Amino acid sequence: MKRAQEIFSSQNRIPVSYRGKNIWIAELNSGSNTAKIKDDIFSAETREVPVMDLNE
């Protein structure tokens, strides 16, 4: 979760993937250790996944 927060707060584009597909982190929930992710920055659709399933 700590690294996900660093990536989310970064002004640089840091590549992150979920199940082999590049994604954007839209929101983090530290209470449930989950992230809302998007397929790209402009996508309106999000899905919630466990942070531990994200790869840098």
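Computed from a predicted structure; not experimentally measured.
- A side-chain contact (heavy atoms from CB on, under 4.5 Å) with Lys36 is found for exactly one of Thr46, Ile25, Leu28, namely Thr46.
- A donor-acceptor pair under 3.5 Å links the side-chain atoms of Asp40 to the main chain of Phe42, judged by distance alone.
- Both Val51 and Ile14 are part of a single hydrophobic cluster, where members link through side-chain heavy atoms under 4.5 Å apart.
- Atom CH2 of Trp24 is separated from atom CD1 of Ile7 by 11.5 Å, given to the nearest 0.5 angstrom.
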message = Could you walk me through whether Leu54 and Val49 satisfy the side-chain contact (heavy atoms from CB on, under 4.5 Å) test, starting with their C-alpha distance in whole Å, then the side-chain angles of each, then the deciding distance to 0.1 Å, before giving a yes or no?
response = CA-CA 8 Å; Leu54 301 178; Val49 300; 4.0 Å; yes

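- Between Thr34 and Glu48, the shortest heavy-atom contact is OG1-OE2, 2.6 Å.
- Taken to the nearest 0.5 Å, the CG atom of Asn55 stands 4.5 Å off from the OG atom of Ser17.
- Taking CZ from Arg47 and NZ from Lys38, the interatomic distance works out to 12.5 Å, rounded to the nearest 0.5 Å.
- Distance CD/Glu45 to CD1/Ile37: 10.0 Å, rounded to 0.5 Å.
- Rounding to the nearest 0.5 Å places CE of Met1 at 6.5 Å from OG of Ser32.
- Annotation for Gly31 and Asn29: closest pair N-OD1, 2.9 Å, computed over non-hydrogen atoms.
- No donor-acceptor pair closer than 3.5 Å links the side chain of Ser43 to the backbone N or O of Asp39.
- Shown here is Arg19, whose CZ atom has no more than 12 heavy atoms of other residues, nucleotides or ligands within 6.0 Å.
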